[in-house]
Asker: 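Below is a structure I'd like to ask you about.
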Amino acid sequence: QEPDGVIVVPSKIEVTRRYTDMMHERNIPFILLDSYMPDLKPLSFFGQDSFASGYFAARMFMLMAPKEKEIMLMKQMRNGNVASKQQENRETGFRHYMHDHFPSVKIHDVNLSLDDKREKYDVILQDFFDNHPLVHHCITFNSKAHLVGEYLLRSNRRNIQILADRKSGSAGMPRP
């Protein structure tokens with residue numbers, strides 16, 4: 001088919017590039033939604049600045065946790081990689097803020113595979129919190145903050161706060 005234009009919601013740049021290269025060859029204009037990938041040469045982009053979102057999330061996060069020495073960053077992974085470009089950009093912005101303003105805070109990554117079941121998440125989280133008793137705050141850059149929150153409720157751990165920074169904005173989860 002010969003569309004007048006295409007709206008693309010990119011996933012991984014390699015996959016998206018194959019698709020957008022075909023559109024360039026056929027002179028089909030396209031715009032990107034949600035993830036800005038300038039190398040693909042879109043006509044336009046609509047979405048938030050994910051780097052700025054992560055940077056701002058770090059600033060808000062540290063208002064909740066200004067004296068923390070260790071924090072947890074929960075990531076959703078697919079095949080060993082962060083699940084989305086937006087999540088990766090938010091994390092980069094977050095880490096830049098932390099490096100610039102709170103360089104002594106240790107950031108512990110907790111990687112949860114998209115393909116695992118709740119029982120596996122529980123084992124990973126149980127092990128993490130048992131081995132990191134100084135962690136009282138965690139952040140995630142995807143829509144899966146509930147995985148940590150549900151674990152905390154089931155395990156009766158009441159001293160952890162979660163901040164979720166997602167494309168719809170930042171939202172905090174108060175202590176249970």
Side-chain angles (χ1 to χ4, degrees), residues 8-13 16 31-40 42 44-78 80-114 121 124-153 155 157-176:
V8 179
V9 179
S11 58
K12 294 290 181 193
I13 193 161
T16 307
I31 64 169
L32 297 178
L33 287 183
D34 205 23
S35 289
Y36 184 49
M37 299 178 178
D39 296 359
L40 302 179
S44 186
F45 161 71
F46 294 93
Q48 73 172 196
D49 180 341
S50 297
F51 179 92
S53 174
Y55 196 89
F56 179 75
R59 187 172 176 201
M60 295 298 99
F61 186 78
M62 293 313 292
L63 288 174
M64 288 183 350
K67 298 195 183 328
E68 293 299 307
K69 303 291 184 225
E70 299 180 33
I71 60 174
M72 178 183 122
L73 170 59
M74 189 276 279
K75 298 192 273 189
Q76 283 275 247
M77 308 295 282
R78 178 179 290 133
N81 297 310
V82 177
S84 73
K85 184 70 174 168
Q86 303 91 317
Q87 184 179 336
E88 183 179 320
N89 289 342
R90 287 184 192 102
E91 180 182 342
T92 300
F94 179 84
R95 288 184 183 276
H96 271 270
Y97 181 88
M98 295 302 290
H99 177 268
D100 292 348
H101 301 281
F102 292 89
S104 64
V105 173
K106 173 89 172 124
I107 301 171
H108 298 283
D109 293 349
V110 173
N111 301 325
L112 301 180
S113 173
L114 284 169
Y121 297 149
I124 293 168
L125 294 168
Q126 173 86 33
D127 180 61
F128 176 80
F129 286 114
D130 286 350
N131 289 302
H132 298 90
L134 297 179
V135 173
H136 300 288
H137 294 83
C138 66
I139 188 163
T140 184
F141 300 106
N142 58 60
S143 62
K144 302 298 182 184
H146 68 90
L147 297 173
V148 178
E150 290 167 356
Y151 163 77
L152 294 172
L153 291 173
S155 66
R157 294 182 189 257
R158 305 290 182 176
N159 62 342
I160 312 290
Q161 286 189 328
I162 304 168
L163 181 80
D165 175 50
R166 312 174 346 165
K167 56 186 155 200
S168 62
S170 300
M173 182 174 151
R175 287 186 182 159

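The analysis underlying the following values was restricted to heavy atoms, covering all of them including side chains, and did not include hydrogens, waters or symmetry mates. Numbers here are sequence positions counted from 1.
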Asker: Got a second to check how far Ser104's OG is from Met98's CE, nearest 0.5 Å?
Answerer: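 Going from the OG atom of Ser104 to the CE atom of Met98 covers 8.0 Å.
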
Asker: List in chain and number order the residues that pass salt bridge (Lys or Arg N to Asp or Glu O under 4.0 Å) with Asp109, two or more places apart in sequence or in another chain; answer none if no residue qualifies.
Answerer: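 With sequence neighbours excluded, Asp109 shows a salt bridge (Lys or Arg N to Asp or Glu O under 4.0 Å) to Lys75, Arg95, given in chain and number order.
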
Asker: Between Ile107 and Leu73, what is the shortest heavy-atom contact and its length?
Answerer: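 Reported closest heavy-atom pair: CG2-CB, 3.9 Å.
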
Asker: His101 and Pro103: which non-hydrogen atoms are nearest, and at how many Å?
Answerer: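 Scanning both residues, the minimum pair turns out to be C-CD, 3.4 Å.
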
Asker: What residues form a side chain to side chain donor-acceptor pair (under 3.5 Å) with Asn131, not counting sequence neighbours?
Answerer: Asp127

Asker: Check ring pair (Phe, Tyr, Trp, His ring centres under 6.0 Å) between His132 and all other residues, then give those that pass, not counting sequence neighbours.
Answerer: His108, Phe128

Asker: Heavy atoms, side chains only, cut-off 4.5 Å: are Thr16 and Val8 in contact?
Answerer: yes

Asker: Between OH of Tyr121 and OG of Ser113, what distance do you get to the nearest 0.5 Å?
Answerer: 6.0 Å

Asker: With a 4.5 Å heavy-atom cut-off, do Met74 and Ile162 have their side chains touching?
Answerer: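 Side-chain contact under 4.5 Å: no.
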
Asker: Would the distance check show the side chain of His137 and the main-chain N or O of Ile71 forming a donor-acceptor pair, the cut-off being under 3.5 Å?
Answerer: no

Asker: Tyr151 versus Arg157: any side-chain heavy-atom pair under 4.5 Å?
Answerer: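 They are in contact (side-chain heavy atoms under 4.5 Å apart), so the answer is yes.
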
Asker: Which value, rounded to the nearest 0.5 Å, describes the distance between Asn89 atom CG and Asp49 atom CG?
Answerer: 8.0 Å

Asker: What donor-acceptor contacts under 3.5 angstrom involve side-chain atoms of residues 58-69, with partners at least two apart or in another chain?
Answerer:
none

Asker: Could you pull out all residues at least two apart from His99 that satisfy side chain to side chain donor-acceptor pair (under 3.5 Å)?
Answerer: none

Asker: Taking Arg90 as the fixed residue, which of Phe56, Tyr55, Phe51, Phe141 is the one that meets the side-chain contact (heavy atoms from CB on, under 4.5 Å) rule?
Answerer: Phe141

Asker: Using modelled atom types and a 3.5 Å cut-off, is there a donor and acceptor pairing between side-chain atoms of Glu91 and backbone atoms of Gly54?
Answerer: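 Looks like no, no N/O pair under 3.5 Å.
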
Asker: Do Met72 and Ile160 come within less than 4.5 Å of each other through their side chains, counting heavy atoms only?
Answerer: no

Asker: To the nearest 0.5 Å, what is the distance between NE2 (His136) and CG (Asn159)?
Answerer: 5.5 Å

Asker: For Asn111, which residues count as a side chain to side chain donor-acceptor pair (under 3.5 Å) partner, sequence neighbours excluded?
Answerer: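 None.
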
